[in-house]
Amino acid sequence: MAQKPSIPKGTRDFSPAEVAKRNYIIETIRHQFEVFGFQPIETPSFENLETLMGKYGDEGDRLIFKILNSGDYLNKVEPEVYAQKDSAGLTPQISEKALRYDLTVPFARYVVMHQHEIDLPFKRYQIQPVWRADRPQKGRFREFYQCDADVVGPGSLLQEVELLQLYDSVFSDLGLNGVCIKLNHRKILSGIAEVIGAGDKLIPFTVALDKLDKIGQEGVMREMSAAGIGQAAIEKAMPLFSMAKDKQNSLDVLSEFLKDSIVGKQGIEDLKFIAETIRTLELNSTSLEIDVSLARGLNYYTGAIFEVSAPEGVNMGSIGGGGRYDDLTGIFGLKDLSGVGISFGLDRIYLVLEELGLFPETVEESVQVLFVNFGEKEALAALPLIRKMRGEGIKTDLYPADAKLQKQFKYANNRNIPYVVLLGKDELEQKVIVVKDMANGSQNTYAWKDLQQFISTL
RNA sequence: GUGGUUGUAGCUCAGUUGGUUAGAGCGCUGGAUUGUGGUUCCAGAGGUCGCCGGUUCGAGCCCGGUCUUCCACCCCA
C-alpha cells in the first residue's frame, strides 16, 4: 500500500447521509426560488481569468484559484518578467483561466453575452459550487456551494422586498427560526462619509465601521485613524456608534444626521420603503434589522445591502448576503442595467441546522420498506411485490444477500428503515407477507393480493 | 498571506519525568438466540501513534520540516 490518499485542504467528501441532508436544503431553496418565479441557469466552473480579476478587490484577486496554462507555459513568458520574480505580473502570462469565485460575476457575464435572448426583467437562480483560495476555518471552505437568486432589469424596490420574503420563506421551510436579516444601504454609507468629510475614504471607512460589533467603538476609531481618516471626521461620525446599538430609531437619527446629503437621503428613503412594506406584509420566522454598521459586501453593491446571520447562540459567520448593484454589467460593456440579488450559503446553513438538530428524521430515510432475504425462492417471490411498491413510488429494497436474519434486521435498524417485510417459507406457502413496524415492533400480515392495503398505510 | 493550535483503533478520546507487548467507551465480527433489530451478557478482530528526518541505549512523548484540523487576523458564504 502506497501513501495514504488525501484530499486538498478545505475540501470534503460527503457521505450518503450528508448528501441527503445537503439535498434537502438545496431542494428547499430551489423550490422557493421557483415559487418566486426564478429560472435556473448554470455557468462553467472556470472562467477566463480576466473575467474574474479586479471584480472582488485586491483581496479577492489573491483568493481566486488560478489555473495553470496547459503545455509549456513557461516558454511564452517574457524573460524580463520571469527574471523579476513578480508574481502579479507573471500570473496573467502563465494562467488565463480561473475557478469561479462567486456566482454573481459569472451571471453578469452571462447577461451581457446573452442579452439578446433574455427577457427583462430576468430572474435567475443558480446553485453551484464556488472556489476560494482562502485558509479554511469552521464554516469556511475552499470549495463550497452558493445558492443565488438575482433579478436584472428595470429596478424597483419591490424586488428588494421580494428577496427579503424569499429569505423568510426558505428559512421558514427549513424550520430555522431566529434568523436575523441585517439591512443597510450603500448610499447611506456614502452619505455618512460625505457628511463627515471623508468621502474619498469610503471603502476604508465602511470596512472599519463594519467591525463595530467585534472591536467596539474604540477599535473602530483606531482603525479609521490608521486608514488616514481625520480626527475631526471620526468625531463627527461618533453619533453613529451609539445609534448602531439603538436599532429601533436608527432611521430617524439617520435622517437628522444625513439631512444635508442628497445621496444619504435617497438611501434612507429606500430603506424606509423596504422596512415599511415588509412590516405590513410581515415576515414569518425571520427578523429584519436596520444596521448602519453593516458594510460588508463586494465592491459592486450600490443600493440596499443584506446580510443574514444565524440565530443567536450559534457561532457562525453570515449564512447569506446580497444587495443591489446598479452597474454590474457595466464592466462587461452593458450599461444601465440594474440588478439585485441574494445568496444562501449552503454549507453554513448545513452546519447551523446540524448544530440545532433541525434536519427532519425522514431526510436520512433512504429506504422505507426492506424485504428480508430468506433465500432464492423466497426472494424471487418478493420481486413482483417489490416492483409493485416501487411503481407506487415507495422506496423499497430487497436485502441483497441471504444473510442471517439478525444481520438483516440490524441493517434495517442502522439505516432507519421504518418497515421490514418478512417473506419466508411459511409466508410463501400462504401467499402472505409479514410487515414489521420497526418503531414499535408490531407485526401485521397481509395477503399478496392485498398489498395495496399495506401501501396505503405508508 | 500573518500568528497560533491540533493529529493515537472505524468514531470520540486517555496515555505519567522518554523505559517491556500503546489503552477505554462506542461501533464492528462471532456466540447466548438455525424466523426478529433497537436492551442485556460473553468472546474476538482491529493501530506504520498524520508523514519525513533528527536527538537518544531507547521516542506516541523531545527537536526540525511537512501535510491536516481548528482558532485569531485579513476577508468572506
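The sequence lines fix the lettering, A, B, ..., with proteins before strands; numbering per chain opens at 1. Small disclaimer: the values here were computed from a predicted structure and weren't measured.
Using a 4.0 Å heavy-atom criterion, one finds that A/Lys425 contacts the bases of the nucleic acid, with or without backbone contacts as well. Base contact: A/Glu59 has a heavy atom under 4.0 Å from a base atom. When heavy atoms are screened at a 4.0 angstrom cut-off, A/Asn414 is found touching the sugar-phosphate backbone but no base atom. Residue contacts for A/Tyr411: at a heavy-atom cut-off of 4.0 Å it reaches no nucleic acid atom on any strand shown. Among the heavy atoms of the strands lying under 4.0 Å from A/Gly424 is at least one base atom, whether or not backbone atoms are also near. At the heavy-atom level, A/Gly139 lies under 4.0 Å from base atoms of the strands shown. The residue A/Gly57 sits apart from the nucleic acid: no heavy atom pair falls under 4.0 Å. Residue A/Ile319 is in sugar-phosphate contact alone, with no base atom involved, counting any heavy-atom pair closer than 4.0 Å across all strands shown. Contact annotation for A/Val434: no contact, since no heavy-atom pair falls under 4.0 Å across all strands.
When each of B/C75, B/U36, B/A77 is scored by its nearest atom to the side-chain atoms of A/Lys211, the top-ranked nucleotide is B/C75. The nucleotide whose nearest atom lies closest to any side-chain atom of A/Asp426 is, among B/G37, B/G35, B/C75, B/G35.
Residue whose closest nucleotide on RNA chain B sits further toward the 5' end, between A/Ser318 and A/Arg62: A/Arg62. Each of A/Ala439 and A/Asp134 was assigned the nucleotide of RNA chain B with the nearest heavy atom; the assignment lying further toward the 5' end belongs to A/Ala439.
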Could you list all N or O pairs between the protein and nucleotides 66-68 of chain B that sit under 3.5 Å apart?
| unit_1 | atom_1 | unit_2 | atom_2 | d |
| --- | --- | --- | --- | --- |
| B/U68 | OP1 | A/Lys9 | N | 3.4 |

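In this structure, A/Tyr101 and A/Tyr56 have tilted ring planes: the angle between them lies in the 30° to 60° band. Relative ring orientation between A/Tyr300 and A/Tyr325 is described as perpendicular, the plane-to-plane angle rising above 60° on a 0-90° scale split at 30° and 60°. A/Tyr110 and A/Phe122 have parallel rings, their planes meeting at less than 30° on a 0 to 90° scale where 60° marks the start of perpendicular. The aromatic rings of A/Tyr167 and A/Phe306 stand perpendicular to each other, their planes meeting at an angle above 60°, with 30° marking the opposite boundary.
For B/U36, its base never sits under 3.5 Å from the side chain of A/Gln408 at any donor and acceptor pair. For B/C76, the base has no donor-acceptor partner in the side chain of A/Arg132 [N/O atoms by modelled type, under 3.5 angstrom]. Side-chain to base pairing of A/Lys410 with B/G38: no donor and acceptor N or O lie closer than 3.5 Å to each other. Between the side chain of A/Arg135 and the base of B/U2 there is at least one donor-acceptor pair of N/O atoms closer than 3.5 Å. For A/Asn413 and B/G37, a side-chain-to-base donor-acceptor distance below 3.5 Å is present, hydrogens and geometry of angles not being considered. Judged by distance alone, with hydrogens and angles left aside, A/Glu378 brings no side-chain donor or acceptor close enough to the base of B/G35 to form a pair under 3.5 Å.
Distances shorter than 4.0 Å separate none of the side-chain N or O atoms of A/Lys407 from OP1 or OP2 on B/U36. Contact annotation: A/Lys404 side-chain N/O to B/U29 OP1/OP2 distance is not under 4.0 Å. Using a 4.0 Å cut-off, some side-chain N or O of A/Lys214 falls inside it from OP1 or OP2 of B/C73. Contact annotation: A/Gln137 reaches the phosphate of B/A72 (side-chain N/O to OP1 or OP2, under 4.0 Å).
For B/C71 and B/U6, the C1' atoms lie 10 Å apart once the distance is rounded to whole Å. Rounded to the nearest Å, the gap between the P atom of B/G10 and that of B/G18 is 28 Å. B/G7 and B/C70: their C1' atoms are spaced 11 Å apart (whole Å). B/A43 and B/U56 have their C1' atoms separated by 41 Å, given to the nearest Å. Annotation: B/G23 and B/G60 have their P atoms spaced 13 Å apart (nearest Å). Distance check on atom C1': B/G1 versus B/C76 gives 15 Å, rounded to whole Å. Rounded to whole Å, the P atom of B/U34 lies 27 Å from the corresponding atom of B/G25.
Put simply, A/Phe344 does not rest on the base of B/A77: the two rings are not both less than 5.5 Å apart at their centres and under 30° in tilt.
Taking a cutoff of 4.0 Å between a charged side-chain nitrogen and a carboxylate oxygen, A/Asp150 and A/Arg124 qualify as a salt bridge. Using a 4.0 Å cut-off between charged side-chain N and carboxylate O, A/Asp347 and A/Arg140 make no salt bridge.
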Return one dot-bracket line describing RNA chain B 5' to 3' (Watson-Crick or G-U wobble pairs, both distances under 3.5 Å; ( ) same strand, [ ] crossing, | another strand, . none).
-> ((((..(..((((.....[...)))).(((((.......))))).....(((((..]....))))))..))))....
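With sequence neighbours excluded, the residues forming a salt bridge (charged side-chain N to carboxylate O under 4.0 Å, His left out) with A/Glu364 are A/Lys21, listed by chain and number.
Nearest heavy atom pair, residue A/Thr28 against residue A/Val170, reads CG2-O, 4.2 Å.
Each of A/Lys55, A/Arg109, A/Lys66, A/Arg100 was compared with A/Glu47 under the salt bridge (charged side-chain N to carboxylate O under 4.0 Å, His left out) criterion, and only A/Arg109 meets it. Among the candidates A/Leu451, A/Leu458, A/Ile455, the single residue satisfying the side-chain contact (heavy atoms from CB on, under 4.5 Å) test with A/Glu392 is A/Ile455.
When the P atom of B/G35 is taken as reference, atom CD of A/Gln406 falls 12 Å away, rounded to whole Å. Look at CG on A/Leu52: it is 16 Å from C1' on B/C76, rounded to the nearest Å.
Not one N or O on the side chain of A/Asp397 forms a donor-acceptor pair closer than 3.5 Å with the backbone of A/Leu370. Here the side chain of A/Asn69 pairs a donor or acceptor atom with the backbone of A/Glu96 at under 3.5 angstrom.
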